[in-house]
There are 2 protein chains.
Amino acid sequence: MLSRGNGVALWRQIHSKMETEISSGGYGPGDRLPSENELSGRFGVNRHTIRRALAALEEDGLIRVEHGRGSFVREPVIHYPVSRRTRFSENLSRQRRRPGSILLMAVDIEADPMVAEALDIEPGAVVTRITNAGEADGRRISYAKSYFPRAQFPGMVRVYRETGSVTRTLRHFGIDDYSRKRTRIIARMPTVEEARELEQPKKRPVLITESVNVDARGVPVEFGICLFASDWVQILVEPSE
Amino acid sequence: MLSRGNGVALWRQIHSKMETEISSGGYGPGDRLPSENELSGRFGVNRHTIRRALAALEEDGLIRVEHGRGSFVREPVIHYPVSRRTRFSENLSRQRRRPGSILLMAVDIEADPMVAEALDIEPGAVVTRITNAGEADGRRISYAKSYFPRAQFPGMVRVYRETGSVTRTLRHFGIDDYSRKRTRIIARMPTVEEARELEQPKKRPVLITESVNVDARGVPVEFGICLFASDWVQILVEPSE
DNA sequence: CCTCATCAGTTGTATAGACAACCGAAGCTG
DNA sequence: CAGCTTCGGTTGTCTATACAACTGATGAGG
């Protein structure tokens, strides 16, 4: 059964044994595993060694351990296939309005240091923050916050409400052309609030783009942080010709 | 310092104390923490209690623990620019990081439909697949699979072993310059194997880039799928000049 | 100079025991 | 019957000890 002193730790052997037992269907989803005491007797090891193996299984997401109740096999995680067809594409090389944009909030606030640095203004200066969500095929796919320096665009909130688009709003203020300066792409787990806004499970990561748009003279006009549901969105980068 | 019997486990108190100490800069990136023995003396607890706290810090991605050496504070994020000319080691040395590349596997296989389409060859044609891991300052940051059409580059495996770099390998075959055609960026949770290769916690997402490199005439020479540890790598997209 | 063995210091594994915290069911009490 | 207590079984924490495995430096021997 287990072999001692062969270079493979006992808890690893137990972990791998139970792993195959679970994934091969020996224990079904929701089943309760034997108690730590029973397992330690069955494998002939100390209870702590069993606990080490169980901790690893929990980290793998195969089981969940409940205080005073026992260890239970988790429902198999839905593994979203990376199908190349069903994904929406966000093309960074193009400047186009995302369809299905929903205005969630528009307020004037003081710029925190990060926003201030991006827009090249003083921290604490007033900026207009517009929060909106993007939908496609009835599915929430993005959640974005855009920051505009208010000194440059007074009354932006009202204009945005009327026009409903960043491009048209900026044009109203005389900015006919603007371009993306640099985009930073990161991935992380969502906060509870972000997961709710994106209508996606908390365990799925989000793709985030942070970008600064500048006008023709190179002056920052918008700083945007956009969260994408990673299950549905891919980002494309194409070198411009 | 620590309070016993107040409902909060000792290891949690230690974990949170060390967490703030690290993020507040008490220990800098790359610094070695005191040994488990010293910490156990300092906090007045058993070594195993310290180990529990360190394990949690490691899961958080704040430290890494190395057998026989010690625990080290992880370093901050790395910026990985994606542009028409993207070269792994160039990117890193420009940020004064020490690049490293480890060849994990090199085999000739038949192209699956996805690879074939990307390289514009017949499905089933033989391609050379090179799997390697990228490092910066000794830390794993990427895990990549690169596909090359074998018809165009016979004996690629041997050449790659000798040169250890995509750029130098292609140069050996007369490709002096190549550029990135299109990059697709997605995010998802890693498989157990991917997390292991990236030496990152299983609950942290990975950033993935898929790109095709073409030679001066526009013929595909390489298709690459590169996984980045999202905790430590950000992708930068700059408008191409 | 290079190679190898050794050694102190470090983390990893395994064992053992004790008690706390929690859960659920069974039994008691009004 | 509702509410409460008790109790056995479970997981969580902490301590203690011992040894294995690994790392890096030091020094002996060629």
Side-chain angles (χ1 to χ4, degrees), chain A residues 1-19 22 27 30-74, chain B residues 1-18 22 27 30-74 100 135 137-140 196 199 201:
Chain A
M1 194 86 176
L2 300 185
S3 75
R4 299 175 104 98
N6 70 333
V8 181
L10 288 178
W11 73 263
R12 282 184 195 280
Q13 299 180 49
I14 294 169
H15 169 257
S16 118
K17 227 172 253 299
M18 298 186 73
E19 187 178 26
I22 289 171
Y27 295 102
D31 284 2
R32 183 170 164 280
L33 299 183
S35 78
E36 296 175 354
N37 261 318
E38 170 149 3
L39 286 172
S40 76
R42 208 182 282 185
F43 282 107
V45 300
N46 189 273
R47 184 182 147 218
H48 289 299
T49 308
I50 294 293
R51 279 179 67 74
R52 185 69 189 82
L54 290 179
L57 288 172
E58 184 168 30
E59 246 213 88
D60 294 341
L62 284 175
I63 66 171
R64 79 177 177 279
V65 183
E66 295 185 25
H67 193 173
R69 304 223 310 135
S71 307
F72 302 85
V73 177
R74 272 196 192 278
Chain B
M1 195 86 177
L2 300 184
S3 75
R4 298 177 106 99
N6 70 335
V8 181
L10 287 178
W11 73 262
R12 283 184 196 280
Q13 299 180 49
I14 294 169
H15 169 258
S16 119
K17 228 173 253 298
M18 299 186 72
I22 289 170
Y27 295 103
D31 283 1
R32 181 168 165 280
L33 298 185
S35 78
E36 296 176 352
N37 260 319
E38 171 150 1
L39 285 172
S40 75
R42 205 180 285 186
F43 282 106
V45 299
N46 190 271
R47 187 183 146 217
H48 287 300
T49 308
I50 295 292
R51 280 179 67 73
R52 186 69 189 82
L54 290 178
L57 287 172
E58 183 167 32
E59 250 213 85
D60 294 341
L62 282 176
I63 66 170
R64 69 173 189 283
V65 182
E66 296 185 24
H67 192 173
R69 302 222 313 135
S71 307
F72 301 85
V73 177
R74 282 199 185 276
E135 294 188 339
D137 298 338
R139 194 183 54 234
R140 269 317 151 83
R196 190 179 58 240
E199 292 168 7

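Throughout, a chain's letter reflects where its sequence line sits, starting with A, and its residues are numbered from 1.
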Range on DNA chain C touched by chain A, heavy atoms, distance below 4.0 Å: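 So the outermost contacting nucleotides come out as C/dT13 to C/dG24.
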Would you say the side-chain atoms of [X] pair up with the backbone N or O of [Y], donor to acceptor, closer than 3.5 Å?
| X | Y | result |
| --- | --- | --- |
| A/Arg32 | A/Arg69 | yes |
| A/Arg52 | A/Leu10 | no |
| B/Gln13 | B/Ser3 | yes |

- prompt: Using a cut-off of 4.0 Å on non-hydrogen atoms, how would the nucleic acid contact of B/Arg47 be classed: base, sugar-phosphate, or nothing?
  reply: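 Result for B/Arg47 = base.
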- prompt: With a 4.0 Å cut-off on heavy atoms, is B/Arg4 in touch with a base, just the backbone sugar-phosphate, or nothing at all?
  reply: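 Touches sugar-phosphate only.
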message: Within the 4.5 Å heavy-atom criterion, are A/Leu62 and A/Met18 side-chain neighbours or not?
response: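 A side-chain contact under 4.5 Å is absent here.
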A/Ile14 side chain reached by A/Leu39 side chain, heavy atoms, under 4.5 Å: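 Not in contact.
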- prompt: If you measure from CD1 on B/Ile63 to OH on B/Tyr27, what distance do you get to the nearest 0.5 Å?
  reply: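 Rounded to the nearest 0.5 Å, the CD1-OH separation comes to 11.0 Å.
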field: CA sep, side-chain torsions, deciding dist, call: B/Lys17, B/Leu2, side-chain contact (heavy atoms from CB on, under 4.5 Å)
entry: CA-CA 10 Å; B/Lys17 228 173 253 298; B/Leu2 300 184; 4.0 Å; yes
Listed partners of A/Ala9 passing side chain to side chain contact (heavy atoms under 4.5 Å, CB included), at least two apart: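 Checked A/Ala9 against side chain to side chain contact (heavy atoms under 4.5 Å, CB included); matches are A/Trp11, A/Arg12.
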- prompt: Between which nucleotides of DNA chain D, read 5' to 3', does contact with chain B run, using atoms under 4.0 Å from its heavy atoms?
  reply: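 The contacted stretch runs from D/dT13 to D/dG24.
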query: Does A/Arg69 or B/Arg69 map to a spot on DNA chain D nearer the 5' end, using the closest nucleotide for each?
result: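 Closer to the 5' end of DNA chain D: A/Arg69.
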